[in-house]
Amino acid sequence: MADIEFVEGGYGDTYVITIKDANGDDANISAYTGASLLINSMDLSTNKLDTTLTISSPTVSWVMADGDTDYNGAFVAQVQLTGSSITKTTKLMSVLAFKKLAS
């Protein structure tokens, strides 16, 4: 089971990701004013998605928009948080995008 899973071409769902600190506790991310979700190929060479997230400490939310998931296979993702003179990047998360069957 991957950290993030979806079906190719799907949209409209909301994924909520809880940000943890080094001790595994919920992180206080209220000082951050921006958040992005990056999804890349396993070798990190190709970016598949770079989208804005909504912050509600200790979570960030991704509302899947049309076009966000137009690919299938195994990928990695990372959340990047930004604020005034501060940045934080989460550990890599696994992504599994299932192939959509032809209708």
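Residue numbers start at 1 and run along the sequence shown.
Rounding to the nearest 0.5 Å places OG1 of Thr33 at 6.5 Å from CD1 of Ile55. Note that CD1 of Ile17 is 5.5 Å distant from CG of Leu37, once rounded to the nearest 0.5 Å. In this structure, the separation between NZ on Lys99 and CG on Asn72 is 5.0 Å, given to the nearest 0.5 Å. Thr51 OG1 to Met64 CE: the interatomic distance, rounded to the nearest 0.5 Å, is 10.5 Å. Here the NZ atom belonging to Lys91 is positioned 10.5 Å from the CD1 atom belonging to Ile19, to the nearest 0.5 angstrom.
Between Lys48 and Asp70 the shortest side-chain heavy-atom distance does not fall below 4.5 Å. By the 4.5 Å heavy-atom criterion applied to side chains, Leu96 and Phe6 are not counted as neighbours. Between Tyr32 and Val60, every side-chain heavy-atom pair lies at or beyond the 4.5 Å cut-off. Side-chain atoms of Phe98 and Glu8, non-hydrogen and from C-beta on, never get closer than 4.5 Å to each other.
No donor-acceptor pair closer than 3.5 Å links the side chain of Ser36 to the backbone N or O of Gln80. Between the side chain of Asn23 and the backbone N or O of Asp25 there is no donor-acceptor pair closer than 3.5 Å. The main-chain N or O of Thr46 is found under 3.5 Å from a side-chain atom of Ser41 such that the two form a donor-acceptor pair.
Cluster membership for Phe75 and Leu38, using ILVMFWY side-chain heavy atoms within less than 4.5 angstrom, is not shared.
Shortest non-hydrogen contact noted between Ser57 and Ala27 is OG-O, 3.6 Å. The heavy-atom pair separating Thr59 from Ile29 by the smallest distance is O-CD1, 3.7 Å. Considering all non-hydrogen atoms of both residues, Ala77 and Ile4 come closest at CB-CD1, 4.2 Å. When all heavy atoms are compared, the tightest approach of Ala2 to Ser94 is CA-OG, 3.3 Å. Minimum heavy-atom separation, Gln78 to Thr90: NE2-O, 2.8 Å.
In this structure, Leu92 belongs to a hydrophobic cluster whose other members, linked by side-chain heavy atoms under 4.5 Å apart, are Met42, Leu44, Val76.
A salt bridge links Lys20 with Asp26: the distance from a Lys NZ or Arg NE/NH1/NH2 to an Asp or Glu carboxylate oxygen falls below 4.0 Å.
With no hydrogens or angles considered, no side-chain donor-acceptor pair links Trp62 and Asp13 at under 3.5 Å.
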If you apply the rule side chain to side chain contact (heavy atoms under 4.5 Å, CB included), what do you find for Val7 with Thr69, and how did you get there?
CA-CA 7 Å; Val7 174; Thr69 63; over 6 Å; no
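No more than 12 heavy-atom neighbours from other residues, nucleotides or ligands sit within 6.0 angstrom of OH on Tyr11.
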